[in-house]
Amino acid sequence: MSPAPVGIPPNGRVVAVLEHGPEGLAAVSLELAAAAKRLAEWLGLEARLVLLGDQPEVLARQAARASGLPVMALRAPCLAGFSGEAYRQVLAGLLPAWDAAVVMAGHTTSGLDWLPGLAARLGAACVSGVEGMRLGDGRPVFSRVTLHGKLVEEVAPRAWPLCLTLQPGALAAWVTPADSPGAVEVSEVAPPDCRSQVQDLPGEAGADAALGQATVVLAAGLGMGGPEKLEVLRRLAARLPNAALAGSRPVCDLGWLPYRQQVGLTGATVAPRLYIACGISGARQHTVGMQGAGFIVAISHDPQAAIFNLADVCLVEELPAFLQTFLDLI
Amino acid sequence: MRILVCCKQVDEPESLLLDEQGRPYPNAPARRKLAEWDARALEEALVLKETRPGVEVWAVTVGPAEADAVLQRALGMGADQAAHILAADDPPLRPATIAAWLAEFARERGFDLILCGVMSEDSLQGLVGLMLAELLGLACATGVVGLALVPDQAGLRVEREMEGGRRQAMTLPLSALVTVGSSPRQPRYPSLSNLLRAKKAPRLLIEAETLAPAPVREERLGLSLPQRQRAGLRLVGSPAEKAAQLRDILRERSLL
């Protein structure tokens with residue numbers, strides 16, 4: 001027998017753990033703040049932001065100004081770089097004391113390196129990759145994409161606390177300027193006892209500079225059919241003004257294109273005037289890196305490819321044959 | 001040394017056809033396969049087996065009888081043992097349920113290293129690995145793109161990938177759990193003879209009902225087709241006609 005649906009917890013906090021890196025606060029941090037604020041309003045709870053670091057004050061103040069929410073800055077020398085184990089240790093000690101009803105992180109390589117473990121430790125409900133939320137029948141309902149991006153599922157918690165990871169960019173429209181800054185409280189935390197040792201490595205050669213500045217990006221996915229089939233894309237790129245070639249993650253993994261030409265979560269984020277996706281399924285990993293493009297054309301032989309949901313123009317066609325036809329015409 | 005690789009069966013996206021309500025066509029079931037990142041995790045395990053004496057590789061899956069195909073694949077690629085936790089997966093099992101069953105399976109079996117894919121490409125949840133590590137109290141690393149045993153075998157050195165291509169190096173003591181991301185090693189193809197042999201190889205079968213009931217803390221309320229975020233104009237006609245339409249659309253917007 002399935003348990004009865006669980007309503008709103010009587011009290012507690014919505015806690016969003018902010019992300020930051022060498023470039024400062026990650027964009028998803030403000031989205032987390034906006035989502036925490038909304039969720040707290042719906043549930044009649046208090047929202048609180050948390051930022052961990054060796055020098056967390058400056059970023060904590062920045063987050064408090066931008067969001068208007070109170071920020072708890074947790075300071076320890078060993079939190080200089082990101083460590084999922086350190087985050088789990090520090091937060092597992094504090095969240096029950098804070099009466100956390102909801103704990104949120106980014107659906108990123110950092111958030112996914114601590115939150116699922118904490119959810120297991122707390123015996124919490126857990127929904128990851130959240131792209132939308134609403135209040136339905138007195139409880140929060142979350143939407144996320146599934147089945148290769150072909151469907152959206154709605155999921156509701158049956159238990160508290162609830163752990164969530166938020167898809168970067170999905171709730172960017174919720175971010176609004178705050179009237180007055182939230183309070184910042186800095187607190188020293190005991191160094192966590194970690195079994196793993198983590199060291200940030202010097203950056204690899206970053207994304208291709210031409211990719212960031214291109215007016216037109218021609219992107220290849222596995223649906224192109226093979227490395228030799230990219231030739232027609234290269235010729236098309238040569239014919240278009242200021243065009244650059246890019247690839248999805250699997251294409252770069254297979255060595256069809258170098259990693260510096262990868263667009264997506266672990267690659268470059270681009271916003272050209274025109275983006276032509278060729279044989280790309282439309283996995284979130286990829287689309288977070290290109291959804292800001294001015295005009296998107298998607299070509300795939302799969303009529304239900306997820307990429308079509310965010311395209312301005314959709315073509316169900318064989319590749320690379322169609323590109324040759326197009327090239328001959330222009 | 002004993003390594004366990006957790007293997008999930010997923011639909012092949014291009015063979016998965018949905019009707020206007022987003023339901024799969026009953027008469028055209030999708031082809032299913034071993035999830036991509038799980039295959040990479042298995043490849044990493046097999047490379048460790050090749051480079052070290054005395055490494056035994058287990059593959060485990062949770063799912064219905066059809067999921068046996070991923071065990072056959074794993075055995076065909078070179079896994080030594082296979083275990084199947086039999087459970088219906090429609091609606092899909094919750095990650096916490098899968099993690100709880102895998103933990104119960106793995107707990108008394110003395111695995112030095114557990115490998116999972118960082119997430120499965122169909123649902124992109126990224127939860128099972130870290131939940132399993134927590135339930136077993138193991139040190140862990142996620143999104144790993146390179147891994148090696150340190151010479152005295154007491155630990156593991158890994159490299160994990162983060163946003164924008166940033167990387168971290170980590171050392172972990174064994175026993176440990178590692179979720180494998182887009183490692184550069186391509187999963188090997190099993191030979192036909194190995195696949196045939198794998199079909200006959202024994203499996204350890206465990207009925208999920210015989211395991212401790214796992215709490216279900218979330219429920220799926222419904223499924224729907226994604227909303228289009230843009231116009232999504234579908235061009236129709238022959239390839240040449242579509243190419244001409246595309247050219248005209250792009251010229252109108254001064255994009256060509």
Side-chain angles (χ1 to χ4, degrees), chain A residues 2 84 108-109 112-113 116-117 119-121 125-129 141 145-148 150-159 195-201 203-204 206 249 253 265-267 273-274 281 283-284 295-297 302 304 308-315 317 322 325-326 329-330, chain B residues 13-14 16-18 22 95-96 99 121-127 130-131 133-135 139 141-143 161-163 165-173 182 184 216-226 228-235 239-240 242-244 246-247 249-250 253 255-256:
Chain A
S2 52
T108 60
T109 59
L112 290 173
D113 197 43
R121 192 179 303 189
C126 190
V127 184
S128 75
V141 176
V145 297
T146 187
L147 231 59
H148 303 278
K150 293 188 181 200
L151 289 174
V152 175
E153 62 176 342
E154 283 205 317
V155 182
R158 280 176 176 274
R195 289 171 293 180
S196 60
Q197 287 168 350
V198 188
Q199 183 197 355
D200 290 323
L201 295 174
E204 303 226 324
R249 179 74 211 218
D253 283 339
L265 192 59
T266 53
R273 285 189 65 212
L274 172 62
S281 65
R284 270 285 174 264
F295 195 77
I296 299 174
V297 175
D302 176 4
Q304 296 182 330
F308 288 142
N309 293 317
L310 47 100
D312 294 284
V313 173
C314 310
L315 291 120
E317 272 298 335
F322 178 78
T325 310
F326 180 66
L329 259 184
I330 61 170
Chain B
E14 293 184 355
L16 177 67
L17 296 176
L18 305 173
E121 66 264 36
D122 55 348
S123 62
L124 302 173
Q125 295 183 88
L127 299 176
L130 208 48
M131 286 178 164
E134 185 67 32
L135 295 175
T142 63
E161 193 177 44
M162 304 178 77
E163 274 69 20
R166 283 187 297 134
R167 290 198 173 196
Q168 290 187 318
M170 286 178 75
T171 52
L172 308 163
S182 294
V216 176
R217 303 188 184 103
E218 313 86 14
E219 68 178 309
R220 178 190 266 185
L221 301 181
L223 284 170
S224 58
L225 290 166
R228 286 213 185 97
Q229 294 177 17
R230 300 194 184 208
L233 175 68
R234 293 229 174 196
L235 303 187
K242 288 187 201 167
L246 179 60
R247 177 197 59 194
I249 288 168
L250 296 180
R253 288 170 172 75
L255 293 168
L256 266 193

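Keep in mind that what you see is a predicted model, and the values were worked out from it rather than measured. Below, read A as the first sequence line, B as the second, and so on, with proteins coming before strands; counting in each chain starts at 1. What's counted below: heavy atoms across the whole structure, side chains too, no hydrogens, waters or symmetry copies.
- By the salt bridge (charged side-chain N to carboxylate O under 4.0 Å, His left out) test, B:Arg234 pairs with no residue at all, sequence neighbours left out.
- Only the backbone of A:Val145 comes within less than 4.5 Å of a heavy atom of chain B; no side-chain atom from C-beta onward does.
- In this structure, A:Cys126 and B:Met131 have side chains that are in contact, with non-hydrogen atoms separated by less than 4.5 Å.
- For a residue to count as touching a neighbouring chain, one of its non-hydrogen atoms must lie under 4.5 Å from one of that chain's; by this rule B:Leu250 touches chain A with the side chain only.
- Here the closest heavy-atom approach between residue A:Thr325 and residue B:Ala243 is recorded as CG2-CB, 4.1 Å.
- Both the backbone and the side chain of B:Leu255 come within contact range of chain A, judged by heavy atoms closer than 4.5 Å.
- Residues A:Leu112 and B:Gln125 come closest through the heavy atom pair CD2-O, 3.7 Å.
- Within the 4.5 angstrom heavy-atom criterion, only side-chain atoms of A:Gln304, from C-beta onward, approach chain B.
- B:Gln168 touches chain A through backbone and side chain together, each having a heavy atom under 4.5 Å away.
- Your options are B:Met162, B:Gln229, B:Arg247, B:Glu218, and the one with the most heavy-atom pairs under 4.5 Å with chain A is B:Glu218.
- Of the atoms belonging to B:Ala96, not a single heavy atom falls under 4.5 Å from chain A.
- A:Ser281 does not touch chain B: none of its heavy atoms, backbone or side chain, sits under 4.5 Å away.
- The choice from B:Leu135, B:Leu256, B:Leu124, B:Leu172 that makes the most heavy-atom pairs within less than 4.5 Å of chain A is B:Leu124.
- Considering all non-hydrogen atoms of both residues, A:Ala159 and A:Ala125 come closest at O-CB, 3.6 Å.
- Ion pairing of A:Asp312 with B:Arg253 is absent here, as no side-chain N (NZ or NE/NH1/NH2) approaches a carboxylate O to less than 4.0 Å.
- Partners of A:Arg249 by side-chain contact (heavy atoms from CB on, under 4.5 Å), not counting sequence neighbours, listed by chain and number: A:Asp253, A:Tyr259, A:Gln262, A:Thr266, B:Glu161, B:Ser182.
- Looking at A:Phe322, the atoms closer than 4.5 Å to chain B (heavy atoms on both sides) all sit in the side chain, from C-beta outward.
- Contact of A:Asn309 with chain B is made through backbone and side chain together, with heavy-atom distances under 4.5 Å.
- For the options A:Arg121, A:Arg273, A:His148, heavy-atom pairs under 4.5 Å to chain B are most numerous at A:His148.
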Walk me through whether A:Lys150 and A:Asp302 qualify under side chain to side chain contact (heavy atoms under 4.5 Å, CB included).
CA-CA 11 Å; A:Lys150 293 188 181 200; A:Asp302 176 4; 3.2 Å; yes
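- The greatest number of non-hydrogen atom pairs below 4.5 Å with chain A, out of B:Gly143, B:Ala231, B:Gly232, B:Ala99, is found for B:Gly232.
- For the residue pair B:Gly22 and B:Leu225, the shortest heavy atom distance occurs at CA-CD2, 3.7 Å.
- Ranked by heavy-atom pairs shorter than 4.5 Å toward chain B, the options A:Val198, A:Leu274, A:Ile330, A:Thr109 are led by A:Thr109.
- Only the side chain of A:Leu315 has a heavy atom closer than 4.5 Å to any heavy atom of chain B.
- Proximity to chain A (any heavy atom under 4.5 Å) is shown, for B:Ala133, by neither the backbone nor the side chain.
- Residues A:Val141 and A:Ala156 approach most closely at CG2-CB, 4.5 Å, considering heavy atoms.
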